[in-house]
Amino acid sequence: MAGSLRLLLSDMVVHGRSTLPSQYVRPISDCPNVSDVIHATDAKIPLIDLAGINGADRHNVVEAIGQACQTDGFFQIKNHGIPKTVVEGMLLVAQEFFQLPTDERLKYYSDDPKKSTRLSTSFNVRIERVSNWRDFLRLHCYPLEDFAHEWPSNPPSFWCVQLYRYDSAPHSFSEFSSLYGGGGGVLEPCEGVRSEVARGHLREPGASEGLYGEGDGEASAAHGRQLLPAVPDPGLTYGLPGHKDPNAITILLQDDIARLQVLKNGKWVAVNPIPDTLIINIGDQIQHKYRGHERVVFHYIPRAYALHKLVPHREANPRLMLCGMQVLSNDRYASVLHRALVNSSRERISVPTFYCPSPEALIGPPLALVNEEHPAAYRSFTYGEYYQKFWNWGLATGSCLDMFRLSP
Ligand SMILES: O=C(O)CCC(=O)C(=O)O
Ligand SMILES: [Fe+2]
């Protein structure tokens, strides 16, 4: 891509540079107040041990997940079944990709958020006035067959690790692919996590029926790798400012540099890396498919629990792919604000996997919850529309969801 050379942060960074380029400098009021961050060991971001998930301890594990979804929306899991070498390999491949010669990387460069495979920088360079200190590679990966051919073929391990299938791959490589969304079995190990998150969260009687059920063709997954180079003055900029993920559930792998923070009880809490753990982050939507019915219910996470209390499933409108969403500000199920800071010593890499509804999925308030006393709080939208707004909103303060709010 001609002329894009300096658009990638990794190509702009000059080692030993002593000042931050002005387009990255935030106004003072918007700078991260690093002295006011609480350490996760004090704030207790839940760490859930999945070791017993398929055994006698299953009930307790599911309960713990449900509890974490209610109280935190952001937690860590250990004993997730993905070998350490595999997890390390994912970070390594990301690092290798970002170290490729500029020309090789720029083959994937695009500033178009609609592109399913792209390398870019900041957040949405088409609209933002202040840039974020990160480069990212974003890949769609479900169904795998639709997207794998677009993925980078370099570094060589990038392709092979992701296309190995269970039936043909050496054990470690097939496990490696398990962290990626996709067909051919690559979603399964995460499927357990994903279903348990949903099941634990929506655990009213009957609520778990069909969650991510068979024949579920509506989900999609995107996979990101982001590089946050070392920065001269980390107190003036962000890798990513405070935001809530627009999708259903995010599974995040971070390296050993503690720069991820989550807002808890009004305070930013550092999510200090714990070896061999993954982070689960509840996003703005969750998919709920009812087996044997056409309908798909996308619950807006903050109200998912209440929704299941209030709306018997069978009252949902079967024609409209019916969805529930409500005000997030005062609801304990809110998807949570989190942010990534940068540091001055060395680059940081993180690998998030985003599980999303399909772009066509219609999301709106359940009819049974809408009456004169409780008018719809938000207008209906497709996930595609929401997602486009999310990119155009540019991680501005407030919530992207507010753009869909109907006047009171
Ligand atoms: O880099 C991180 O740790 C957080 C990434 C993130 O929040 C995102 O990509 O949505
Ligand atoms: Fe995020």
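Order of appearance sets the numbers: ligands from 1, and atoms from 1 within every ligand.
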Minimal non-hydrogen separation, [X] against [Y], with atom names:
| X | Y | answer |
| --- | --- | --- |
| F97 | L119 | CE2-CD1, 3.9 Å |
| T117 | W151 | OG1-CD1, 3.9 Å |
| V271 | Q254 | O-NE2, 3.0 Å |

Report task. Tell me, please, whether F136 has R134 positioned over its six-membered ring: NZ or CZ under 6.0 Å from the ring centre and within 45 degrees of its axis? Result -> yes
Query raised in the report: So does D11 pair up with R105, basic N to acidic O under 4.0 Å?
Result: yes
Report task. Please say which of T277, L260, N281 ends up in a side-chain contact (heavy atoms from CB on, under 4.5 Å) with L252. Result -> L260
Requested in this report: Can you list, by chain and residue number, the protein N, O or S atoms under 2.8 Å from the Fe ion (ligand 2)?
Outcome: H243 NE2, D245 OD1, H338 NE2
Query raised in the report: What do you reckon, is CG of N265 surrounded by more than 12 foreign heavy atoms closer than 6.0 Å?
Result: no
Report task. From the options Y238, F390, W133, select the one residue that forms a ring pair (Phe, Tyr, Trp, His ring centres under 6.0 Å) with F123. Result -> F390
Between the protein and ligand 1, which nitrogen or oxygen pairs come in under 3.5 Å, and how far apart is each?
unit_1: ligand 1; atom_1: 1 (O); unit_2: Q226; atom_2: NE2; d: 3.2
unit_1: ligand 1; atom_1: 1 (O); unit_2: R348; atom_2: NH1; d: 3.1
unit_1: ligand 1; atom_1: 1 (O); unit_2: S350; atom_2: OG; d: 2.7
unit_1: ligand 1; atom_1: 3 (O); unit_2: R348; atom_2: NH1; d: 3.3
unit_1: ligand 1; atom_1: 3 (O); unit_2: R348; atom_2: NH2; d: 2.8
unit_1: ligand 1; atom_1: 7 (O); unit_2: H243; atom_2: NE2; d: 3.1
unit_1: ligand 1; atom_1: 7 (O); unit_2: H338; atom_2: NE2; d: 3.0
unit_1: ligand 1; atom_1: 9 (O); unit_2: Q226; atom_2: NE2; d: 3.0
unit_1: ligand 1; atom_1: 10 (O); unit_2: H243; atom_2: NE2; d: 3.0
unit_1: ligand 1; atom_1: 10 (O); unit_2: D245; atom_2: OD1; d: 3.1

**Report entry** Nearest-0.5 Å distance, NZ of residue K115 to OG of residue S120
**Finding:** 10.5 Å
